[in-house]
There are 2 protein chains.
Amino acid sequence: MRGGVSVARVKLSDVARDAGVSAATVSRAIAQPELLSPDTLARVRASAQRLGYLPDGAARALASGRSLTIGAIVPTLDSAIFARALQAMQATLAQSGYLLLVASHEGSPAAETQAVRALLGRGVDGLMLVGAERAPDTTALLKTSGLPVVLTWCGDGHFTAITIDNALAGRLAAEHLIRLGHRRIGMIAGHLQFNDRQRARLAGARAALAEAGLALPDTLVVEQALTLAGGRAGCAMLLDRDDRPTALIGGIDVFAIGCLEEAHARGMAVPDHLSVVGIDNLDMSAHVSPGLTTVHVPTGRIGNLAAQTLIAMIAHQPVDRERVLPVELVVRRSSQRLA
Amino acid sequence: MRGGVSVARVKLSDVARDAGVSAATVSRAIAQPELLSPDTLARVRASAQRLGYLPDGAARALASGRSLTIGAIVPTLDSAIFARALQAMQATLAQSGYLLLVASHEGSPAAETQAVRALLGRGVDGLMLVGAERAPDTTALLKTSGLPVVLTWCGDGHFTAITIDNALAGRLAAEHLIRLGHRRIGMIAGHLQFNDRQRARLAGARAALAEAGLALPDTLVVEQALTLAGGRAGCAMLLDRDDRPTALIGGIDVFAIGCLEEAHARGMAVPDHLSVVGIDNLDMSAHVSPGLTTVHVPTGRIGNLAAQTLIAMIAHQPVDRERVLPVELVVRRSSQRLA
DNA sequence: TCTTCTGATGAAAGCGCTTTCAGTAAACGT
DNA sequence: ACGTTTACTGAAAGCGCTTTCATCAGAAGA
């Protein structure tokens, strides 16, 4: 039964009766106004307006097979990165009349599968996911659904994707430090399980070091939860080593900022005694002190493009298999030539 | 027409046929399994499983009048505060099988009305909104829809609300500074238009100052966009005055952190030459240096409770008209007794 | 033994909309 | 002037599910 306390809602047929037309005409007034005579259209609109008619989304979705809803599944909303991407997505989608249905999996592939199932069940018209690594179940679900899917940050060459070159980001960070004469470089990475972005960034940094004849031994890599506290803890571990690194790379800016704080707490001057480089270029990163050297990632852009791509796919327009957005080193004060 | 490339989806009737039962039975197997004999239930479940059946949300929503979807409209997702609240909401909702449909209005009452309309049209079962101030249109829409609505951060004594005492937050910040001997205190607030949280915080601070026989003249209050840059700019304006304040209150922590940065950039020591207090207690605030004195706001809790309350309202359970969560002063290093 | 429940299931009527298919009237072409 | 488009509108068949209502065993009570 129709739920709740609400007054009986005005429906299509009410508008039709009021305007003296058929239901079909009212429906067209909403979805394809160009098919109606200006006269009829005006009449229907007036009735709809006056009665306060609001189309029933469920009924529309059922009848048309389109829900005007896009799903997004991110690790968590509570992260500057994903929050920004989602805000950008949502804003772009809203312009086309789409709404965003969000879910988070907090690092659990099983939860992601669950979320995909839930969103699929809700009849979303498209789906945005983060990263390319996931449970085979999830991929199967996605494939058989035939739904437009856009991967973000990392692609798998299979699904459409809006990505950045995470390995390059890691590489740029490392090369910058190498260029400054650093030889013992440590890295704080997010837990690598189910996080291909962090793996790629780490791999990129490692490759750059290798090419310079340097190593990034496992002892100089620490995995941490993706929080400021994680960054501080990771930094502490690295600085407590006998062969203390002279420079640190944060797999995300949040880590790098954590390093800044930890170094500060220890009375260790950055960049004089320690160089720090992040990846992401958060708003905050320009404002901490010293300003954080980092690799800029066009986070908002990823969200915009994911939305646009999804809309294009829904409209059966051709889209690029994978769109790789540029990343770029942003040098600020937190890194300097090794004394 | 059913959309897209997808293989014809398995539907309820397919499962029914496969299990040798009626559609009604399959429906019950999903929604009210206790009504079926264990035997039948198992058979239906097996069929559903084997066929990979996924109920069609639109059809369910249409037939049952419930969409298992909750809407949330926030100023922006791209804010640590709202991101955290939404994450908490989403997590709580997911446990009850609800999904979160989000929209943002970016400070525009008209956009909020639009968003409410869109979400109402999508048949959400409940709605979370931020603040109590909005366009009359919006309120009317909400009222006539009869939908469960929960306001957050600020209530209006009319709709159900999960709030904090924003005025008290402002007061606590101000009283702390007064207690430390500060007499010239400035405040950076978010634009007060369509932001009752900021207005209340400002009013609370002002009241506390008045009670101490101090004034908060308009010249010592600057309105800024809710960003770090806004905080820095506001701080700069205040510090450039001849009657430079000895202490600053940030209407949000982000502002206060901006103050820290601006002071640092000017070589002005905090707290030696300037005390700074924020409101929110972001994760970051504990980690900046000096650690930010602030008023803790249980942001995640607001999200959790909003979700729980909405679920309770949907189930026609009684809920508190307004639940006011406690705020609390957290003293760190950024504030000190006036020399 | 006969009625009255109780528990499990099915038949069928929608939920409010979209969309095909027809149909009508006006505009056009020759 | 007459067939042929063209422009607009309506009738009706669903979309896939939920939910009343009815049915029918079998259990329980008299």
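Proteins get letters first, then strands, A, B, ... in listed order; numbering begins at 1 in each.
Salt bridge status for D125(A) with R66(A): absent, with no side-chain N to carboxylate O gap under 4.0 Å.
If you check every strand for non-hydrogen atoms under 4.0 Å, S27(B) touches a base. Using a 4.0 Å heavy-atom criterion, one finds that L36(B) contacts the sugar-phosphate atoms exclusively. Counting non-hydrogen atoms under 4.0 angstrom, V26(B) reaches nothing in the nucleic acid.
To the nearest angstrom, P of dC17(C) lies 7 Å from CZ of R9(A). One can place CZ of R28(A) at 10 Å from P of dT20(C), the figure rounded to the nearest angstrom. Look at CG on L62(B): it is 4 Å from C1' on dC15(C), rounded to the nearest Å. For the pair L35(B) CG and dT19(D) P, the interatomic distance rounds to 11 Å; values are reported in whole Å. The CD-P distance, from Q32(B) to dG7(C), rounds to 15 Å in whole Å. At whole-Å resolution of the value, CG in L12(A) and P in dG16(C) are 11 Å apart. Distance, R43(B) CZ to dT9(C) C1': 11 Å, rounded to whole Å. With rounding to whole Å, D56(B) atom CG is found 10 Å from dT18(D) atom P.
Side-chain atoms of T163(A) never come within 3.5 Å of backbone atoms of G155(A) as a donor-acceptor pair (strictly under, hydrogens ignored).
A 6.0 Å sphere centred on CD of E106(B) holds more than 12 heavy atoms belonging to other residues, nucleotides or ligands. More than 12 heavy-atom neighbours from other residues, nucleotides or ligands sit within 6.0 angstrom of CD on Q317(A).
A sub-4.0 Å separation between OP1 or OP2 of dG10(C) and a side-chain N or O of R17(B) is absent. Under 4.0 angstrom from either OP1 or OP2 of dT19(D) there lies at least one side-chain N or O belonging to R66(B). T25(A) has a side-chain polar atom (N or O) that falls below the 4.0 Å cut-off from OP1 or OP2 of dG10(D). Phosphate proximity of dT18(C) to S64(A): absent, as no side-chain N or O sits under 4.0 Å from OP1 or OP2.
Taking every side-chain heavy atom of V21(A) into account, dG10(D) is the closest of dC17(D), dG10(C), dG10(D). Listed nucleotides dT19(C), dG16(C), dA11(C) differ in distance to A63(A); the shortest reach to its side chain belongs to dG16(C). Nearest nucleotide to the side chain of S22(A), out of dC17(D), dA11(D), dT19(C): dA11(D).
Residues L41(B) and A59(B) both approach DNA chain C. Their nearest nucleotides, taken by heavy-atom distance, put L41(B) toward the 5′ side.
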Could you go through the side chain to side chain donor-acceptor pair (under 3.5 Å) check for T76(B) and S104(B) one step at a time?
CA-CA 5 Å; T76(B) 177; S104(B) 68; 5.4 Å; no
